[in-house]
There are 2 protein chains.
Amino acid sequence: MGVAERKEREKELRSESIIDAAERIFFSKGFEHATMNDVAEKAELSKGALYLYFHSKNELCMAILQRSLIILKKRMILLLDDNNLSGIEKFARLARLFIAFAKEHPNHYNSLLSYREHRGNCPATGRVIKSTIEENKKINGIISDIIRMGKSDKTVNKDIDADKLSLALWGNFTGIMPSSILSEKVIPNFDPEDIIKYHFELLINAIKA
Amino acid sequence: MGVAERKEREKELRSESIIDAAERIFFSKGFEHATMNDVAEKAELSKGALYLYFHSKNELCMAILQRSLIILKKRMILLLDDNNLSGIEKFARLARLFIAFAKEHPNHYNSLLSYREHRGNCPATGRVIKSTIEENKKINGIISDIIRMGKSDKTVNKDIDADKLSLALWGNFTGIMPSSILSEKVIPNFDPEDIIKYHFELLINAIKA
DNA sequence: GTCACCGAGTGACCCACGGTCATATTTTGT
DNA sequence: ACAAAATATGACCGTGGGTCACTCGGTGAC
C-alpha cells in the first residue's frame, strides 16, 4: 500500500516545480513586480493551487532562498572535504568560493540578501522557515569546522574563536557585496571582489598560527 | 522680494515634516504594513500632496534612510575630530560607535538594511537618491580618513589600503547585524555585539603597525 | 482695489495584485 | 459503483499605491 508514499512524493514534486516556476518569474521580473498569477501560469496551475503549497508570496520566496543556501552549502562541503588543503588554505579559499557563488548564481545570491524582507511576513512556525534556518545552521557549522580544522593542523592560531569568526565571515558575505551596490557609484572602478579578497587577506594575517 | 526664498524654505519644511510623519508611521507599523494614507493623516495632508514631495513610497523611505546616514555621520565626525586619540584608537572605537548607533537608533539602523529593497523602485535620477549616495560617500570618506590618520601617526601599518578597508568595514556593519537576525535562533545566546567586537579585534591585530 | 494667474493641496477614483472560498474535478478506498 | 477525500479552479474581494480634474488662496501687475 504505497499510495500515501506516492502522494507524498508527488506533492514534493509539485512543490519543487512551483519553486522552479517562481525562480524563473522572480529572477526575471524581480520579486516586487512579479505576480502570483505569473507564477501560477508558469507552473501550469491556478493561483489558488499555489496557496495549497505555500502560505504566501513571501514564503515562496523563502523557499527560493533555501535553495540558494543549499547550492552554497554543497560547494562548501566540497571545500571542507578536500584532503589536500590545510585549514588555513581552506579558509583562504572561502573567499574565492563566496565570490564564485555570487558570480555564477547572481540571482540566488541576490535572493539571500532579501532574507529580512521576507522573513517578517512568513509564519515563524512554517516548515519553510524552519528548514531554511536549518540550512543556515549547517553553513555556519561548515565554516566553523574549517577554522577548527586549521587549529588542529596548527595552521590557525589556537586562540581563535571558530564560532564567532564564522559568524563574522557570514556577515561579510551578506554585507560587503550589497554595500558595494551602494558604493559602486561612489568609488570609480569599484570592485567588490577586490574588497572581499583584501578583507580575507587581512583576516588570514590575523588568525594564522 | 523674498517671496521665492520663503516659499523654498516652506517647501523644505513641509518635506521634512512629511519625513517626520513617515518615520513615525513606518517605524511603528513597519514599511510593508504602513500605508500612504497613514502617513498623509499623520502629516495632516492629503495623500495626493505627499506625491508633490516624493515620487513614491519607496522614495519616501529612502529619505528616511538618508537621515539615518546623517545621524551616523555626525557621530563619526565627532570621533574623527577627537584630538586625544591615535589613529588606531579611533579605528577601535568605530566598533563601539557602530554598536551604539544600532542600539540607540534601532529603527534608523533598520532602515539602512532595507536600502536594496527601496533603491530599485526609485528613479535613479531623483534628488533623494543622489543625496543619499552623497552621504554614504562621506561616511566611507571618514572611515578612510581615520585609517589614513593611523598611517600618519604610525599606529597603523603603512601598507594598509584605507579605501578598501573602509568598504570592508561598512560591509561588516550592514552585514553582521542582519545576519545575526538569521542566526539568533541558531546559536544559543548569540550576541551580535560580541561578533562585531571580536571581528574588530582581529582586524586591529592585522593592521596595527 | 481688482482680477487673472499660478501652484500647492484635495480626495474621489482607478486598477493591479495578494489572498480566499464555493464549487468542480479527480483519485481513493470499499 | 459510489461516496468520501484530496486536489484544483478561477471568479471574487479588499486593500492600498498612485493619479488627476478640480478647488482655493496668496501674489503681483495694473
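Chain naming here is simple, since letters A, B, ... match the order of the sequence lines and numbering starts at 1 in each. Model, not experiment: these values are computed from the prediction.
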Phosphate OP1/OP2 of D/dT27: any B/Arg6 side-chain N/O under 4.0 Å: yes
A/Glu10 CD - D/dT7 P separation (whole Å): 9 Å
Nucleotide nearest A/Leu45 (side chain, heavy atoms from C-beta), chosen from C/dG9, D/dA8, C/dC17: D/dA8
Protein-nucleotide distance (A/Glu8, atom CD; D/dT7, atom P), rounded to Å: 10 Å
Separation of C/dC17 P from A/Glu32 CD (nearest whole Å): 12 Å
Sugar-phosphate, base or nothing in reach of A/Ala40, heavy atoms under 4.0 Å: nothing
Expected output: side-chain B/Thr35 to main-chain B/Asp38 donor-acceptor under 3.5 Å: yes
A/Arg14 vs D/dT7: side-chain N/O to OP1/OP2 distance below 4.0 Å: no
Closest to side chain of B/Ser56, choosing from C/dG9, D/dG18, D/dG17: D/dG18
Nucleotide nearest B/Ser46 when distance is taken to its side chain, options D/dG18, D/dT7, C/dG9: C/dG9
Residue mapping more 5' on DNA chain C - nearest nucleotide basis, A/Ala49 or A/Phe31: A/Phe31
Main-chain N/O of A/Leu112 paired with A/Ser68 side-chain donor or acceptor, under 3.5 Å: no
Closest to the B/Lys57 side chain, choosing from D/dG16, D/dG18, D/dT9: D/dG18
Under 3.5 Å: donor-acceptor pair, side chain of B/Tyr51, backbone of B/Lys57: no
Sole candidate of A/Arg67, A/Lys73, A/Lys74 that passes salt bridge (charged side-chain N to carboxylate O under 4.0 Å, His left out) when paired with A/Glu135: A/Lys73
Distance, rounded to the nearest Å, where A/Asp38 contributes CG and C/dG18 contributes P: 8 Å
Separation of atom CG in B/Leu52 from atom C1' in D/dG18, rounded to whole Å: 12 Å
Touch class at under 4.0 angstrom, heavy-atom based, for B/Lys47 against every strand present: base
Between C/dG18 (P) and A/Glu41 (CD): distance, integer Å: 14 Å
Given DNA chain C, 5'-ward residue of the pair A/Gly48 and B/Glu44, judged by closest heavy atom: B/Glu44
Nucleotide D/dA8, atom P - distance to CG of A/Leu13 in whole Å: 12 Å
Sugar-phosphate only, base, or nothing, as touched by B/Phe54 at under 4.0 Å among non-hydrogen atoms: nothing
Closest to the A/Lys11 side chain, choosing from D/dG26, D/dT7, C/dG9: D/dT7
Short side-chain to backbone donor-acceptor contact, B/Lys197 and B/Ala95, under 3.5 Å: no
Selection from C/dG19, D/dT27, D/dG18 that lies nearest to any side-chain heavy atom of B/Tyr51: D/dG18
Nearest-angstrom distance from the residue atom CG of A/Leu50 to C1' of D/dG10: 12 Å
Cation-pi geometry met for B/Arg127 and B/Phe54 (6.0 Å, 45°): yes
